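Everything on this sheet refers to the single structure shown next.
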Amino acid sequence: TLLFLKKRKRKSQDGYKLPPGSMGWPYVGETLQLYSEDPNVFFASKQKRYGEIFKTHLLGYPCVMLASPEAARFVLVTQAHLFKPTYPRSKERMIGPRALFFHQGDYHMRLRKLVQGSLSPDALRGRVRDIERIVISMLESWVGQEVRTFHAMKKLSFDVGILTIFGGRLDERYKVELKRNYFIVDKGYNSFPTYIPGTPYHKAIQVSKDSDRPASSLPASLLLYLQPVLVLFRVKARKRLRGILSEIMKERRTKGVTENDLLGCLMDSRDERGEHLNDDQIADNIIGVLFAAQDTTASVMTWVLKFLHDHPKLLESVRVRTPKHRVMISSRTNLLAGTLIGPRHRFHVGGANGDPGEQRVWKSTPDMGANAKHGSNSQGYLIPKGWKVMPLFRNIHHNPEFFREPRVFDPSRFEVAPKPNTFLPFGNGVHACPGNELAKLEMLILIHHLVTKYRWEIVGHQGEVEYCPFPVPKHGLPAKLWRVAGGSEEAGQGRPRA
Ligand code: HEM
């Protein structure tokens with residue numbers, strides 16, 4: 001049973017104690033261990049050793065990790081009011097402290113309603129054609145070239161994010177400037193800023209994974225010395241993003257434009273006292289949604305390409321079903337993942353190899369880290385005030401008790417609905433993802449066009465996973481794409497010669 005204690009004094013009376021676990025070294029705790037090994041292995045080995053609730057010390061904070069569905073629900077839903085979402089300060093600064101992720105209570109609810117409204121199936125109905133246009137243009141620009149799938153998908157989800165936020169009429173020069181500055185900020189956002197050899201951040205700046213970013217051609221040692229300059233560069237890019245948003249808002253106000261996109265909803269909103277949101281509040285939330293919409297969706301779409309490629313029978317059955325549902329994409333937007341491709345072939349959002357939602361916990365947008373406001377007790381353990389609490393979606397999704405052979409890609413597992421609270425790709429409770437319908441729509445449109453008009457080949461050996469921090473196939477899954485007529489290899493131009 002889940003109880004909570006208002007006062008730590010009761011701890012000794014009731015005999016509640018801290019969960020088992022290790023706090024590691026003074027100050028650094030177990031941070032280096034987490035960052036120098038596969039996070040799957042790190043958390044799975046802890047769970048194996050200490051059970052579903054364990055303590056550790058990461059990034060300077062004592063933490064309690066929750067790998068049980070009931071304990072995660074306790075923090076996210078039933079006792080959510082006892083926990084305050086927190087992020088590393090560097091990330092809060094990058095996104096902007098007024099973004100909804102960092103808040104609880106009335107301000108959070110007000111913003112959440114606005115964001116949710118502009119991402120609802122009703123609002124998305126008018127965006128389908130534009131999303132299709134973006135998807136087709138991305139796929140056509142890929143034909144005949146080797147491209148890292150993850151980067152292509154990042155660009156796709158960025159463009160869809162811009163469409164949802166600013167509608168279909170944003171001036172091209174604004175789009176170019178937003179993209180240029182956003183990707184500079186993004187580069188630093190997901191890295192753990194340390195120069196300690198062996199850590200992913202250190203490796204990332206030694207061997208850039210990003211072929212289309214200019215810094216990658218610089219020698220590693222020079223990059224190390226350039227880090228403080230790069231940080232300043234990012235701060236400048238964040239300021240520039242804010243500046244562009246001000247210009248767009250000013251232009252709309254001068255011209256008296258009212259739009260039903262996210263920016264329009266935020267600009268028009270008034271609270272019960274008739275007060276508008278100020279420009280800082282609007283800007284932080286726009287930048288926040290851009291971040292939340294990007295690597296999450298891009299990493300899932302990268303896995304979709306990989307799994308369809310690796311499972312030709314699945315690809316064929318998706319192709320055969322898709323034309324029947326083609327009309328549905330343009331006429332309805334209340335599609336759920338799986339509707340288009342049939343229940344038998346539902347994708348496990350988050351993939352068998354990881355869970356983008358949970359990656360947020362440590363290194364990305366909406367972090368599940370929470371400060372227990374009171375000493376609280378989960379399944380008989382004490383969570384002292386000020387400790388971070390992290391629901392571990394990854395461990396829950398990989399628990400063989402809930403998902404047989406969890407690491408095997410087997411979409412048929414979803415023919416039977418998962419047990420309650422065991423499958424949470426979009427989170428749970430008041431902070432659950434308001435962009436889930438858009439993400440599913442975007443994926444459906446991509447899958448539809450991919451399987452009906454294109455085939456692709458993965459370049460190089462692909463077995464390993466890297467964390468950016470979302471799990472993606474190594475090097476972002478380099479792949480070549482070509483067109484096929486009628487969706488079948490035989491009828492089309494066929495595989496291009498190398
Ligand atoms: C496959 C893609 C996606 C996945 C797996 C995903 C997952 C999640 C998860 C797990 C959360 C909850 C985090 C928490 O509880 O703190 C979340 C929150 C959020 N997501 Fe998504 N997301 C995706 C796509 C999107 C998109 C496309 C958008 C917007 C266009 C979006 C906007 C947001 C926002 C604004 C929040 C914060 C909500 C709040 O704090 O109230 N997400 N997402």
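In this text, all values refer to a predicted model and were calculated from it rather than measured experimentally. Every number for a ligand or one of its atoms is a count from 1 in the order of the listing.
- Ligand 1 has a nitrogen or oxygen under 3.5 angstrom from a nitrogen or oxygen of His431.
- With ligand atoms numbered from 1 in the order given, ligand 1 contributes 41 (O) to contacts under 4.0 Å with heavy atoms of Val430.
- When heavy-atom distances to ligand 1 are checked against a 4.0 Å cut-off, Glu442 has no atom that comes that close, whether in backbone or side chain.
- Not a single heavy atom of Lys440 sits under 4.0 Å from any atom of ligand 1.
- For Asn285, the heavy-atom gap to ligand 1 stays at 4.0 angstrom or more.
- Near Leu119, the atoms of ligand 1 lying under 4.0 angstrom from a non-hydrogen atom of the residue are 29 (C), 30 (C).
- Heavy-atom neighbours of Asp106 CG from other residues, nucleotides or ligands within 6.0 Å: at or below the threshold of 12.
- The shortest heavy-atom distance from Thr164 to ligand 1 is not under 4.0 Å.
- Taking Arg238 as the reference, Asp284 meet the side-chain hydrogen bond (donor to acceptor under 3.5 Å, both in side chains) condition, with sequence neighbours excluded.
- When ring centroids are compared, Phe150 and Phe470 stay outside the 6.0 Å threshold.
- Cation-pi geometry between Lys46 and Phe54 is not met at under 6.0 angstrom from the ring centre and within 45 degrees of the axis.
- Judged as a side-chain hydrogen bond (donor to acceptor under 3.5 Å, both in side chains), and not counting sequence neighbours, Tyr107 has no contacts.
- Listed by atom number, the atoms of ligand 1 under 4.0 Å from Val300 heavy atoms are 1 (C).
- Aromatic rings from Phe423 and His397 are positioned such that their centres are separated by under 6.0 Å.
- Atom CD of Glu464 has 12 or fewer heavy atoms from other residues, nucleotides or ligands within 6.0 Å.
- Taking the six-membered ring for Trp and the full ring otherwise, Phe409 and His311 have centroids separated by under 6.0 Å.
- Partner Glu177 forms a salt bridge (Lys or Arg N to Asp or Glu O under 4.0 Å) with one of Arg173, Lys175, Arg180 and no other, that one being Arg180.
- Atoms of ligand 1 found under 4.0 Å from any heavy atom of Leu438 (numbered from 1 in listed order, with element): 30 (C).
- Residue contacts with ligand 1 do not include Pro85, since none of its heavy atoms lies under 4.0 Å from the ligand.
- The atoms of ligand 1 that sit less than 4.0 Å from any heavy atom of Arg112 are 38 (C), 39 (C), 41 (O).
- Lys179 NZ: more than 12 foreign heavy atoms inside a 6.0 Å radius.
- Residue-ligand proximity, Thr297 to ligand 1, at heavy-atom distances under 4.0 Å covers atoms 1 (C), 2 (C), 24 (C), 27 (C).
- Checking Ala432, Pro434, Ala439 against atom 36 (C) of ligand 1, the nearest heavy atom belongs to Pro434.
- For ligand 1, the polar-atom distance check against Thr296 finds no nitrogen or oxygen pair separated by under 3.5 Å.
- Shown in contact with Pro425 at under 4.0 Å from a heavy atom are these atoms of ligand 1, numbered in order with element: 5 (C), 7 (C), 10 (C).
- Atoms of ligand 1 lying under 4.0 Å from at least one heavy atom of Phe101, given by number and element, are 34 (C), 35 (C), 36 (C), 37 (C), 40 (O).
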